[in-house]
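The next block holds one structure in the form of structure tokens; read it before the comments.
All values below come from the heavy atoms of this structure, side chains included, with hydrogens, waters and symmetry mates left out. Note on naming: letters A, B, ... go to the chains in the order of the sequence lines (proteins, then strands), and numbering restarts at 1 for each one.
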There are 2 protein chains.
Amino acid sequence: MTNSSVMEDTLKLLKDHKLRVTPQRHIILAYLASHHNHPTVETIRDALSKELPNMGSSTIYNTLNTFVDHRLVVELQNGDGSTHYDYFGTPHYHAICTNCGKIVDVTYPGFDKDEKTLEEKTAEISGYMISGNHMEVYGLCPECQVKLGITQKK
Amino acid sequence: MTNSSVMEDTLKLLKDHKLRVTPQRHIILAYLASHHNHPTVETIRDALSKELPNMGSSTIYNTLNTFVDHRLVVELQNGDGSTHYDYFGTPHYHAICTNCGKIVDVTYPGFDKDEKTLEEKTAEISGYMISGNHMEVYGLCPECQVKLGITQKK
DNA sequence: TAATTAACTTGTAATGATTCCAAATTAGAA
DNA sequence: TTCTAATTTGGAATCATTACAAGTTAATTA
């Protein structure tokens, strides 16, 4: 995807959600849509310091909270004390390294169906009116397995 | 389950995990094992103020972190800003109300198998050596559906 | 296009959950 | 019973996040 199409797509996304289009919102959303690094507020601030040198952290927090409310973005904790954010363009879940905190997106054919099934079962059992879910799987990432000298059995 | 058997069971659990048995640890673990209220540190402090009037919050944090490391307990966020804790005696997941934060435990026949499958797929795809998972399903709890005047379609 | 205004951004202060640390205590081993 | 490393305590420190007031701006309306 070209840079310009990311800008176009995220612009449309903001408009579709009836969100006022400010440079801050547009640039932050485009950054998230084109990076899969699960950034923190600080990471975003640093990454965009050239484009938006005067943007305060409050703005980033406000903006991300708005995106989370609109389900454009999800929040993730990896144990390092701060919240990480992930653009939620297509359904997926996360694998999180218990050693270094590395987060990767995961999906597989049929994940959307499994997800649906879980939500339906949960609605039946709990009586909740379900609106979403988060799944996280924990373990050692490949790098940490090597670093710690652990051999994964096949 | 009688109160005394909870005390016996949690004592055994601490010993099995080679954790030094202090009154604080034993009483906190017994409290968690016999309550399904997903308490915060403050809730635990208040609930145990009779039994352990001099216990500081630091001790509760230390103790809970130890339990989490040993997988006796899991941490939960419901959006109210503080961490909630849940004794993890049998496999289950959580439904969390997006309106009031109410957390309920959920499981169903075959959940352990579904969970296993998810972990195996994740290992294959990501290369992570999996050690655990958390699933959360969000929605409106029955009380909030009524409170907000929402009718759930069958 | 210009005027209007509610919404947004900014910067700083406040909050509050959690961790850190040094001193006192204690569980469990010898 | 003694000994010591682990734990608890209480208060201070940290740090992520939110609150707030003032300035700015997107987008509606005429």
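Look at B:Q24 and you won't find any side-chain N or O under 4.0 angstrom from OP1 or OP2 of C:dT26. For A:N65, a side-chain nitrogen or oxygen approaches OP1 or OP2 of D:dT18 to under 4.0 Å.
Residue B:N54 is classed as a sugar-phosphate contact, given heavy-atom separations below 4.0 Å to backbone atoms only. If you check every strand for non-hydrogen atoms under 4.0 Å, B:D80 touches nothing. A:T83 comes within 4.0 angstrom of the backbone, heavy atoms only, and of no base. A:T22 comes within 4.0 angstrom of sugar-phosphate atoms only, judged by non-hydrogen atoms across all strands, and of no base.
When the C1' atom of C:dA7 is taken as reference, atom NZ of A:K18 falls 17 Å away, rounded to whole Å. The nearest whole Å value for the distance from the CD atom in B:E42 to the P atom in C:dA17 is 7 Å. Rounded to whole Å, atom C1' of C:dA17 lies 11 Å from atom CD of B:Q77. The interatomic distance linking A:L52 (CG) with D:dT25 (P) rounds to 13 Å, in whole Å. With rounding to whole Å, B:L19 atom CG is found 13 Å from D:dA6 atom P. At whole-Å resolution of the value, NE2 in B:H17 and P in C:dA27 are 21 Å apart. In this structure, the CG atom of B:N62 is 12 Å from the C1' atom of D:dG10, given to the nearest Å. We find that CG of A:L14 is positioned 9 Å from P of D:dA27, with the value rounded to whole Å.
In this structure, the ring of B:H94 has its center less than 6.0 angstrom from the ring center of B:H92. Under the 6.0 Å cut-off for aromatic ring centres, B:Y138 and A:H134 qualify, their centroids lying closer than that.
For A:L118 against B:M135, the heavy-atom pair with the smallest separation is CD2-SD, 4.1 Å. Minimum heavy-atom separation, A:P91 to A:T107: O-OG1, 3.6 Å.
Taking every side-chain heavy atom of A:R20 into account, C:dA7 is the closest of C:dA7, D:dT8, C:dT10. If you check D:dT18, C:dA17, C:dT9 against the side chain of A:Y61, the one that comes closest is D:dT18. Comparing C:dT10, D:dA27, C:dG28 by their closest approach to the side chain of A:V21 singles out D:dA27.
Inspection of the A:D105 and A:Y87 side chains reveals no N or O donor paired with an N or O acceptor under 3.5 Å.
Ranked by how close their nearest DNA chain D nucleotide is to the 5' end, B:P23 and B:S58 are led by B:P23. Remark on DNA chain C: of its neighbouring residues B:Y85 and A:R25, the 5'-side contact belongs to A:R25, judged by nearest-heavy-atom nucleotide.
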